[in-house]
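Note sheet for the following structure.
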Amino acid sequence: MTTPNSSNKSTTTASHTGADTGTAKELNRAALVQLLLLILGSLAVIIVVMYALNWAAQATGSKSAATDAINYEARSISILIEQEPPQLDAMKSTDQVSGSVLGHIMEGLIAYDVNNELVPGVAERWDIRADGATFWLRADARWSDGKPVTAQDFVFAWKTALEPATASQYAFILFPVKNAEAINTGKLTGDTLGASATSDRVLEVEFEKPIAFFEKLVAFSTYYPAREDFYKSTNGRYGADADTMLYNGAFTVESWVHNSSMRMEKNQQYWNKDSIFLNTIHVPFITADKQAGVNLFKDGRIALAQLDGETLPTALQERWNIGRLADGSVYYLEFNHREGRIGGNLNFRRALQLTLDSSELVYRVIKIPGYVPGTTLFPTWLKGKDAPFRQEYPPTPIRPDREKARELLATAMAELGLEETPSLVVLAGDTPLARKHAEYMQSELKKHLDLDVKIDRQIFKQRLAKMRAGQFDMVMAGWGPDFDDPLTFGDLFASWNLQNRGRYNNPELDAQIRIAQGSIDQQVRMDAFGEIQRILIDQAVLLPDYERGRVFVADPRMQNLGRRAIGPDPDYSRVTLLPPTAEEAGR
Amino acid sequence: MSESIQQSDLVLSPTSFKPLVKEDSEQGISRPSLSYWQDAWRRLKENTRAIVSLYIILGLLAFTVLGPQIWGASGATSDVDQISKAPFANRAATIVEPFEPWDQSKVTASNNGLQLDGDPTTQAVRLVWEPMAASTNGYRIYRNIYPTGPERALGLPLGEVFPSQGTYFEDRLDLSPTYYYYTVVALGDKSRETQEFQSHEFDVTRVITADEAVEKNLIESSSDVAVGDEVMLAWHPLGTDYLGRDMLARLMEGAQVSLFIGIVAPLIYVLIGILYGSTAGFIGGPLDQGMMRFADFVVALPFLLFMIVFKIAFGVESGESGVLPMLIAMVVLLWPATARLVRGQILQIREEGYIDASRLLGAKSSYLIGRHMIPNTMGVILVTLTFAVPSAIFTEAFLSFIGMGVAPPTPSWGSMCNEGLKTMNSTPHELIFPAVLISVTVLAFNMLGDGLRDALDARMRSRE
C-alpha cells in the first residue's frame, strides 16, 4: 500500500504492503512515540553533557578562580590589560599599555601622584633655570637588587635612548637636553650630551635652548633610569622578560607568561614602600575584548573594566558606578596638502568644515559619554597660563551651513578645473568605532555635497605607513599628548614636523610655533598658541572630530586609583582597599 | 496478396514502378509520451518541499530585482534621528524651533534643586541647579535610565562643570524619548565626589525641526507645519541600522551582491568543470591522468589564502569592492568538484552499448559528446549546480563577514551580520534579519537541490 502522500518518504510504508488502515494508524502512533522518545533522549543527553562540561570547566578553572578581583587579606587585586606589553624597555617604549606597566615598576626623577600633580620621585629636590637644571637624588632610592639609583644611571639611559642604533621613537622627547638631537642624528657622540653626574647623587642638565616645561618632560617614561652593568648583561634583551629587567619603582614583575598573564609584587627595596598598600597585582587576563572584560568584572574576577557603547547598557542595568575620563587624545580629519591633491584647496577644506558636524557625530553616532565634540586641535583639559587654555583662548565657533558649503565646493571645483565632483579616499583605522565614524562621514558628504568617498580601512601600522607616504586625500588621524603643555599639539602642523602627514606649509603658522617653542614667558607662549589655534581654524587645516574619552567601571572598594591623560594610566600603584563590610564578610 | 496475383491478370505498366507516395505511419500513440525532463518535472511537482523552496527562491529573486524599485529607499542614506531603531518603534515627533546654542546669560538661577531651562527634548536637555555648599571644584552630572535607588547607581557620567562655568549643563548625548533620571553631584577637594547632590527625573519628547523634516521629505515645505505639530518620521518596516540606514533597503541591496555571487560564480565554475571533466573523461588515457592530477592540485590550494592573494594581485585597494576578486577566486578554485563528477559520469557512459552503436554508424566525437554524453550527465550537473549555489552564497557571506568582501556603504548579508553581531544584545534586529535571510536562502536552495536530485535520478523511477 501507499500512503496518500507519496512524497512523504519518512514513513517506511514499503515494507508493510497489504496492511489495513487500522494498523497504519497504530503504526503512525508508534512512530510518534518513537519520535517523542528520541527527542526526550537527546534532551537528556544534552543536559548531561552541559553539566559535565560545566563541571569540567570548574575543575580546570579552579586555579584562576583563586585570584578574586580584590582580596583584602592578601592585599591583592586582579586586573586586565588590553594587550601584551609590546615594549618594557623604557627607553624604547611608546604605547599606553607598556606605559601603564612601566609606571608601576619604574620611577623617574619626578613622578605624578594620584591627583596628577608632579611630586618628587627619585629626585628629592630640583632647580630648573633658563640654561639648565640640577637634580638632587635621594639617598635611599634603590634598584630591586639593593644597589642605589645614581645620577649615572639617568645619564646612561638618556644616552642609550638617543643612540641612533637604539632607534627609539621617543628620542625626540630628550631633545631639550643639550646636543641630544645631534647625537640622535649621529652628528655627535654620546659623550657630548648635556647631562652629567657631578656625583652619585647630583645630576646636572644643560639645555639646548630655554624650555618652559622641563619638569613635565622628566616625568615621561623615556627619562626613566637604567643601570649600565645590568643593561649590558642582558645582551639586548633588556625588558623582554621578568628577569631581564631591573626595577626602581613601587612594584617588580615577578612572573610574566607572555601573552597570558603577569604578576607584580611590591618592591621591597622601594624607598617609599610604606606608602604602598598593595602586595600583589595579578594580571590574569590579556584581552582587548571589552565584552569579555565586562563579563569578568561582573563575575568579580577583575577590579576595573573599560566600557564602550555596547557594554554601557549592561553597566547601567547592573547598577555599577560608572567613571569617566578624558584620555587626552584628539581626533581630527587631516587633509593631504601635497601637490595634486584636492586637500590643498582652501575652499574645498572650508566646504567640508561647514558640512561636518562634530557634535552630531559625538552625540548621535558615537554616543559614548566622555567623548567631547571637537572644535579645535587643543583639547579641553590643557592648562593655559592661569585657567584652562580653552577658557583663555576660546576657539572660533563653526556652525554647519550646508548652503554655503555647496557654494564653496563649487568655487573650489572651478578653481581646480574639475567638471564632476571628485572621488576622495579617506584613510581610516580598522576599529569598529573608526569604521562607524568613516561610514557616517561618507554618508554625510554624499548627502550634503554629493561627494563620493572611498574608505580605505587599514590596521594601525599600515595606516601610519600610508600617512607617511602621503597615500590619502583625507585621513582620520589622532594625536595623544606626550607631555602636559599645549606644545605637544601646537607644533603638529609645523612645516618641519614629520608628524605633519599632509605636508601643510604656512610660514605664518611656523613663525608662531617658533615663538611657542623658544620663549619661556608663559604669556607670550600662550598668545602664540592662541594665534596657532586661530590660523588652524581659519585655514581649515584640519577638521576636529572629537576628544576621546573613556568610560569604565572600577570596584568601589578600590581607593586612590590613578587615571590620567598624561603619564601611566591606569595607575594602581597607590591603590588602597576598603575592608569588606560585615555583610560581605559573612557571605 | 499472392492469391490476387494468381487470380487476376498481371498487367504491369510503367506507372506500377513509380514510388509510392510517402505517408506517415498509421501507428497511433494512445497516451502522451513523457520525455525525461517532463517526467522529472512531474515528480518534482509532487515534492512539496522542493516546490515551496522554488517559490521562495523566485520570491527572493523578485525581492532582489523588483524590491528596490518598489520600496524606493536608499540603503546608503543615514538618518541620525533614527539610529538602531527596532521595527515598529514609535515614530511620532513634535516640530520645534531650530536648534540654537544655549545662551546661559539669560538663564535664571535655580532656587529649587535641579530644574530645566526649556522643555526636555531629544534636541537638548538643559539643566540648571541650585549652588551646593560642598562644591569647591564644580559638579559632575549623571544620567540614568533606571531609578537611582538606595545604592546610588547614578548611571552615565555626562560631564563635569568647572566652578567658573556656573550651575548649568546642556545634555545632548544620544537622547531618546524616555524617562531620564538626572543627578548633579558636587565635587569637593581634589575633584572628589561629595555626598551632596540634587536629582530629578524628566520625560524627554522626540522633536524635529521643520527644516530637518523638509530635508528628510517628511513634509513638503516648512510652512506646512507650525511649532508643536506632530509629524511622523520616515517609516522603516524592518528598523534601521547603526547609522539609521533603512534595513529593508539594505537587505535588498545586500541580496543583489549575495545572489549575484551565489548564482554567477557556480554557473561559471560548473561550466568550466563540465568542459574540463568531459574532455578528460572522453579522451582518457594519459591526458585524463594528467588533467585529473592537476584538478587534485587545485583542490589542495587553500581558499582563503588565495582570496587574499587575488585581492592584492588585482590591486584592489581597501575601500574598493572585493566582489570581482572573490568571484574569480571562487571560479578558479571550485571547479574541480564538478569536473571530477562529470568525468566519472562520462567514463561510465563511454562504455555503454548505444555509444558503440553510434560510433559504428560513424558519429564523430563532437556529436557523441553533444548528443549522448552531456544530456545524460545533465541531471548530475543540475544537482551539483543547485547545491553549489547555497554554498557560494554562504562563502560570500562568510568572506564579507570577515571583511574581505564588499566595501562600505554597499551592504551584503554577510557584512550586515558582522555589523549586527557587535550590537547583538542591544539591537538584535540588525543581526536577525540578514541572518534569517541567509539561512532561508541557503535552506531553500538546498531543498530544491534535494528535490531535483530525487526527480532526476533514474533509479528512483523504478521504485515507484
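Sequence lines set the chain letters: A, B, ... in the order given, protein chains first and strands last, and positions in each chain run from 1.
- For the set A:Arg399, A:Glu117, A:Gln291, A:Gln391, the entry with the most heavy-atom pairs within less than 4.5 Å of chain B is A:Arg399.
- Using a 4.5 Å cut-off between heavy atoms, A:Glu439 touches chain B through backbone and side chain atoms alike.
- For A:Glu318, the CD atom sits in a packed shell: over 12 heavy atoms of surrounding residues, nucleotides or ligands are nearer than 6.0 Å.
- Listed by chain and residue number, B:Arg140 satisfy the salt bridge (Lys or Arg N to Asp or Glu O under 4.0 Å) test with B:Glu193 (two or more places apart in sequence, or in another chain).
- To the nearest 0.5 Å, atom OH of residue A:Tyr363 and atom OG1 of residue B:Thr122 are 14.5 Å apart.
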(request) In sequence, state the C-alpha distance, the side-chain angles, and the governing distance for A:Leu316 and B:Tyr146, and then conclude on side chain to side chain contact (heavy atoms under 4.5 Å, CB included). (result) CA-CA 8 Å; A:Leu316 285 178; B:Tyr146 304 103; 3.8 Å; yes
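- Interface with chain B: from residues 364-372 of chain A, residues A:Arg364, A:Val365, A:Lys367, A:Ile368, A:Pro369 qualify, criterion being any non-hydrogen pair under 4.5 Å.
- Nearest heavy-atom pair across B:Ala153 and A:Asn321 is CA-OD1, 4.3 Å.
- For the set A:Gln317, A:Lys446, A:Glu444, the count of heavy-atom pairs under 4.5 angstrom toward chain B peaks at A:Gln317.
- Salt-bridge formation is detected for the pair B:Glu160/A:Arg324: a Lys NZ or Arg NE/NH1/NH2 atom is positioned less than 4.0 Å from an Asp or Glu carboxylate oxygen.
- Atom CZ of B:Arg245 is separated from atom OH of A:Tyr440 by 12.5 Å, given to the nearest 0.5 angstrom.
- Using a 4.5 Å cut-off between heavy atoms, A:His448 touches chain B through its side chain atoms alone.
- More than 12 non-hydrogen atoms from other residues, nucleotides or ligands lie less than 6.0 angstrom from NZ of A:Lys447.
- Residue with the most contacts toward chain A among B:Leu154, B:Leu158, B:Thr427: B:Leu158 (heavy-atom pairs, distance under 4.5 Å).
- The contact between B:Leu173 and chain A is made by backbone and side chain atoms together, counting heavy-atom distances below 4.5 Å.
- Here the CD1 atom belonging to A:Ile322 is positioned 7.5 Å from the CG atom belonging to B:Asn144, to the nearest 0.5 angstrom.
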(message) For A:Lys436 and B:Glu419: C-alpha separation, side-chain torsions, deciding distance, then whether side chain to side chain contact (heavy atoms under 4.5 Å, CB included) applies.
(response) CA-CA 10 Å; A:Lys436 205 164 156 179; B:Glu419 295 303 333; over 6 Å; no
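- For chain A, no part of B:Thr410 is nearby; none of its heavy atoms comes within less than 4.5 Å.
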